[in-house]
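Each chain gets a letter, A, B and so on, in the order its sequence line appears, and its residues count up from 1. What you are looking at is a predicted structure, and each value in this text was computed from that prediction instead of being measured.
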Amino acid sequence: MPRRASLRDVTVAAPIPQPWMVVVNLPVPAQDFSAPHGWTGDAPTGCRVLIPWRGELMVGLVVGGTEPRGAYRLREAVHVLDAPDCPWVTPQTVAGVCAWARDARIPAGLIWGDLLGVGWTAQYFQAQYIHTVRAVEGADLSAFARKAPTTLWTDAGAFHPALLDAVREQGLLEERFDLRPRTKSVIRARELAEVPAVARAVTVLHAVIPAPALLTPRQTHAHAWLSDYGPHDTLSGWAKAAGVSGSVVNGVLNAGGAQYVAEMAPPPPAWEWLSEAGPQDTLSGWANGASADGTPLSPTAAGTLLARGWADPVQVLAPPPALPEAVPTEVDDLPDPLPEAPLWRLHGGRAASRFRTLAPRVLRLLGQGRDVLVLAPDHATLRRAWEGLSGLAAHAGTRAVQLSGQLSDVQRAYTWELVRGGAARLVIGSAHALAAPLQDPALIVVLEEGSDAHKLLSGSRAFVPDIAARVAAAHDIPLAALGATPAAESVPWPGAVLPPPRARVHIVDYATPPEQPTLGPLSGAHLGMGDMGYPISHDLARLLRQVQERGRQAALLAPRRGYSALLRCPNCEHTPQCRNCDVPLRFHQATRQMTCHQCGYHESMPDRCDNCGNQLWKARGPGTEWIAQEVGKLLPGMPIYRMDKDRQDPLAPLYAGEPGVLVGTQLLLAHDAPPDLALVAITLADTWLNVSDFRASERYHRLLRQLAEWHPARAPLLVVQTFQAGHPALRVLAEGRDTLAYPAAEERARKELGYPPHARLAQVEITAREPKRAQTAAQEVAEALYAAGATAQEVLGPAPSPVARLRGVYPYHLFLRARNDARLAELLKVLDTRTWKARVRVDVNPRGGM
DNA sequence: AGCACGCCGACT
DNA sequence: GTCGGCGTGCTC
């Protein structure tokens, strides 16, 4: 009999329960576990489960059941933390995310680690649960060298985790996991009766009546004062109050005219305050609160009162954490112009008008008792969405919640529970909201779906809209894209557009200087942009002076920080291009080489321009600092504010309407526009275009549209300084063309070039400590792909990565370009066919930095 | 990710 | 001899 048959016989003899696939918060695939002892029923997909992991307990997420496989005995899951009818993540969402991870070849743990911020960490488990253990009846655990559990319930912390795991594996351990009540420590005033007598006892001076004879006149006066106005705490205080010297009152005391009497002092005012105001979180909270109400109390003094027994620290049930409050919204009775389709879009207008257009749909769905999820790429977009949409929830009898990294862990865990319990049915958030356990979702809205900020920079490198689409498909609900301008990917979707906000554009064309000065004095010869003024052109300078004269506000957008330079011939404006990719080569100062960030092609810096033969190159990326300096020279006395990653000046004066110039990177758009904004300038638009990335012009167009709608009501003059004045991404704004004019053209161009959405891209990163090993492995990966039938159109590279990463690790990149998702998944499967001598990671739908 | 294991060169 | 750097493999 073949070996296989006998194995199967064993299976039949002792039926193996269906194993569960469990994801842990580690960059590994889902692991198999058998159901906890005595578990009946299906795998509790979406529930959190405690599993033994390397001798300790870990929280995992059940992502489904699986077939028994492998020869080894599976460990049993220890405890299921969620009721199967109320999972931590809905099974559909689990299916959608896992499908994405499978196709992207990303270990499930990596993506779930990115999506589930809280609720499955060791700290969360320890904070939430009381874990007690005991040995099963009749078990003899005396063989263990360390202290082992007895048949009495004991806190698990008393035993070594590895010992517990050994006992657990033998099936000799009973365990309990009880939710810890959420408490917090507060300082409460004691009842007067509970305050210890010593705390209240004071000795005071009383006058003895009748007064002894033989008192001097002054002593008689002091005695009379004490009997009339006393008692008094101290001798010196009495003396001072009575207006006599210390020796007089001392004499009265010695003569028996006064005596110390122990008595109960009245409660201190700080105690009265605490009794009135109720328990305080901290000593300083007590001190500050009391002081604010006219009862001076220092934190030290509060500590003394606590130590004396006037107050108690007590555990009370913690109130729910404060969450962001909804912004009230008027609901107009508008028709719903939006399509009904699995994928649809809404673009154009201003943020506020887009949300007003979306409102009827959201209201209708919430009104039907269904749920809506809104995903924002960044804080600024999230804030605007919150302002535009959160108020709708109240009209539908539910509440809106935020789920983003801005919330604390406690707030996020509480918010998750509100969603899971159905108390909140409108969720607006970041990637942290994508897996939110909405009970009956009806719509997922992705905001600014083309934004690079949707790309997770951590482990999974997921592009959130990609996963959102899989989750929506798994729930069988529509996915909508909503933003200033559509990504080329969403152009083909059915949709609605709003007219773009009015844009007043003034283009400063550095490439073709005007024949005669039309705007202020220019020098006679036009030999290049030096003559037109750089980084601030004469046009821009003139406009900035007007802004200063009229006491208004301007914003200048400097090129991105960390921008690596392009070589530019100052004579003919030629920029060296890649031979394979038709993108500008980037200049790397350290190696004096020019590299293509797309395919890795590189060559050394040529000594002369191959266009005009000029022997001088310019390489410069002007930054925020330089621009701010130039503006300072130009506008003496004008306040200048900088806003980039390195420096963030407080903008309060600008928001108060005071004149000033704001100089910053794209980070500016994360802040509100200054209220009296008259001018916005892009100092060198080309830095957005001369990026080796086929999405560069789409990104540039999005920037222009976002600048045009930055101020919520006005249309400040938009000055664009550029060598490519005729670029269509800019022309459509200058000509007042409609919202779709540029994205639709871009989408057609992508079709011809075979780029997304007409192809699916993936970047395979191959890293090793020695460049040679990485190179060999990268070559082998490419050969394996070709051997499996990939074509030269589908495999680009391998090429060494332009940036040397962590000390001495040189990654090699290989691009895959497939006609659709299925073909990409097919190509990526080749990576699993064998092991490589280097680390191989996949980035599906890579963005930027290519 | 961490962590153990094992290989290899360096040095008391 | 063994110390320690670093590559490799494993976690059910």
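- A/Phe463 carries A/Arg847 over the face of its six-membered ring, with the cationic atom under 6.0 Å from the centre and within 45° of the normal.
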Q: Starting from the C-alpha separation in whole Å, work towards a yes-or-no answer on side chain to side chain contact (heavy atoms under 4.5 Å, CB included) for A/Leu816 and A/Leu814.
A: CA-CA 7 Å; A/Leu816 299 182; A/Leu814 202 102; 4.3 Å; yes

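- Distance CG (A/Leu110) to C1' (B/dA1): 10 Å, rounded to an integer number of Å.
- The nearest whole Å value for the distance from the CG atom in A/Asn25 to the C1' atom in B/dA1 is 9 Å.
- Side-chain atoms of A/His131 and A/Glu175 form a donor-acceptor pair, as typed in the model, at a separation below 3.5 Å.
- In this structure, the nucleotide among C/dC12, B/dA1, C/dC10 sitting nearest to the side chain of A/Arg839 is B/dA1.
- If you measure from atom CG of A/Leu50 to atom C1' of C/dC12, you get 15 Å, rounded to the nearest angstrom.
- In this structure, A/Gln31 places its CD atom 15 Å from P of B/dA1, rounding to the nearest Å.
- Between the CZ atom of A/Phe33 and the P atom of C/dC12 there is a distance of 6 Å, given to the nearest Å.
- You won't find any donor-acceptor pair under 3.5 Å spanning the side chain of A/Arg73 and the base of C/dC12, going by distance alone.
- At the heavy-atom level, A/Arg75 lies under 4.0 Å from the strands shown only through sugar-phosphate atoms.
- A side-chain donor-acceptor contact under 3.5 Å links A/Ser460 and A/Asp114.
- Spacing between atom CE of A/Met58 and atom P of B/dC3 amounts to 12 Å, rounded to whole angstrom units.
- As a whole-Å value, the separation of A/Trp120 CH2 from B/dA1 P is 14 Å.
- Summarising the geometry, the separation between CE on A/Met21 and P on C/dT11 is reported as 18 Å, rounded to the nearest angstrom.
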